[in-house]
Amino acid sequence: MEKRNYKGILVFVALIVLILAGRYLPHAANFTPAAAAGLFAGYWFRNRLVAVAVPILGMLLSDLLLDMPYHLGTMAVVYAAIALPALLAGGWLRKPASNRWFQASKVLVGAASGSVLFFVSTNFAVWAFDGMYAHNWTGFAACFAAAVPFFKWTLAGDLSFAVAIFGSVALAQSLVAARRAKIEAA
């Protein structure tokens, strides 16, 4: 097996395990690594299908373990919203930035954008499919108002996990580069 394929498989599995652990272990509502893992998958994997498979598979496996009761329409929107960062990240995050701070800001913008898209799309789906709210403007407003307290945890989770994932990889890459330079200098 090629070294690149081995590394890709390892990253794929690690991201799915991270999603499973993040959703299975105790946490604040919506404070999970799923969207951040998808964002990183979109950056890491050139194949869009592989990148999207990370958050979808992670969510599917964790939902099966947690026995999550979803309306099918709501579930489809949740999965699409979690996969969206993987699609958005691709070339945009991979393009070299003028400096590390600009690259870091791109990661933060990507994570925050994913949070907003998740909030809007999933709450619209809850209003439209779950029957908890009247199908009028009052019900629509009530649905989104009830969801506002959860948004802070979605945003905090997406930003925290994106910083942790991208930061860990950047640190590991710089340590490996420093080690190589030291070996080559010897």
Side-chain angles (χ1 to χ4, degrees), residues 11 14-45 48 50-63 66 68 70-71 73-95 97 100-130 132-133 140-170:
V11 169
L15 290 172
I16 290 173
V17 168
L18 177 65
I19 293 169
L20 287 168
R23 292 196 71 218
Y24 192 73
L25 296 173
H27 61 279
N30 291 3
F31 189 91
T32 70
L39 187 69
F40 184 77
Y43 165 78
W44 186 265
F45 297 107
R48 294 287 121 235
V50 172
V52 167
V54 167
I56 296 292
L57 192 55
M59 287 292 292
L60 182 62
L61 291 173
S62 61
D63 279 349
L66 296 170
M68 296 296 283
Y70 282 114
H71 178 279
T74 303
M75 186 171 113
V77 173
V78 167
Y79 279 47
I82 285 293
L84 198 54
L87 292 173
L88 297 176
W92 179 68
L93 277 178
R94 225 179 280 121
K95 288 181 185 172
R100 287 182 188 235
W101 293 112
F102 183 67
Q103 186 66 27
S105 68
K106 286 174 33 176
V107 169
L108 294 175
V109 166
S113 299
S115 297
V116 171
L117 290 169
F118 182 84
F119 176 81
V120 171
S121 61
T122 58
N123 287 299
F124 181 82
V126 167
W127 172 76
F129 299 125
D130 286 357
M132 294 171 48
Y133 300 96
F140 184 80
C143 177
F144 275 78
V148 168
F150 297 99
F151 178 69
K152 69 179 176 189
W153 294 114
T154 302
L155 183 61
D158 291 351
L159 291 172
S160 298
F161 284 110
V163 167
I165 295 168
F166 280 90
S168 296
V169 170

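The shortest side-chain heavy-atom distance between Val11 and Phe40 falls under the 4.5 Å cut-off. Side-chain atoms of Val52 and Leu87, non-hydrogen and from C-beta on, do get closer than 4.5 Å to each other. Side-chain atoms of Trp44 and Leu15, non-hydrogen and from C-beta on, never get closer than 4.5 Å to each other. For the pair Ile165/Leu39, no side-chain contact is recorded, criterion being any heavy-atom separation below 4.5 Å from C-beta on. By the 4.5 Å heavy-atom criterion applied to side chains, Ile82 and Ile56 are not counted as neighbours. With a 4.5 Å cut-off on side-chain heavy atoms, Thr122 and Val126 do not count as touching. In this structure, the side chains of Leu117 and Leu88 come closer than 4.5 Å at one or more pairs of heavy atoms.
Closest non-hydrogen pair, Ala86 versus Ala51, comes out as CB-O, 3.6 Å. Nearest heavy atom pair, residue Ile19 against residue Val54, reads CD1-O, 3.7 Å. Across every non-hydrogen atom of Pro55 and Ala83, the tightest pair is CG-CA, 3.9 Å. Between Asp158 and Ser115 the shortest heavy-atom distance is OD2-OG, 2.6 Å.
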Donor-acceptor pairs are to be reported for all side-chain atoms of residues 20-38 against protein atoms at under 3.5 Å, with residues two or more places apart or in another chain.
{"from": "Arg23", "atom 1": "NH1", "to": "Ser62", "atom 2": "OG", "distance (Å)": "2.5"}
{"from": "Arg23", "atom 1": "NH1", "to": "Asp63", "atom 2": "OD1", "distance (Å)": "2.8"}
{"from": "Arg23", "atom 1": "NH2", "to": "Asp63", "atom 2": "OD1", "distance (Å)": "3.0"}
{"from": "His27", "atom 1": "ND1", "to": "Gly22", "atom 2": "O", "distance (Å)": "3.3"}
{"from": "His27", "atom 1": "ND1", "to": "Leu25", "atom 2": "O", "distance (Å)": "2.7"}
{"from": "Asn30", "atom 1": "ND2", "to": "Thr154", "atom 2": "OG1", "distance (Å)": "3.1"}

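For the atom pair CG of Leu84 and OG of Ser121, the computed distance is 7.5 Å after rounding to the nearest 0.5 Å. Separation of atoms NZ (Lys106) and CG (Leu108) is listed at 12.5 Å; rounding is to 0.5 Å. With rounding to the nearest 0.5 angstrom, the CH2 atom of Trp153 is 9.5 Å from the OG atom of Ser160.
Residues passing the ring-ring contact (aromatic ring centres under 6.0 Å, His included) test with Phe119, sequence neighbours excluded: Phe144, Phe151. With sequence neighbours left out, Phe150 forms a ring-ring contact (aromatic ring centres under 6.0 Å, His included) with no residue at all.
Between Phe166 and Tyr43, the distance separating the two ring centers is shorter than 6.0 angstrom. The aromatic ring centres of Phe140 and Tyr133 sit 6.0 Å or more apart.
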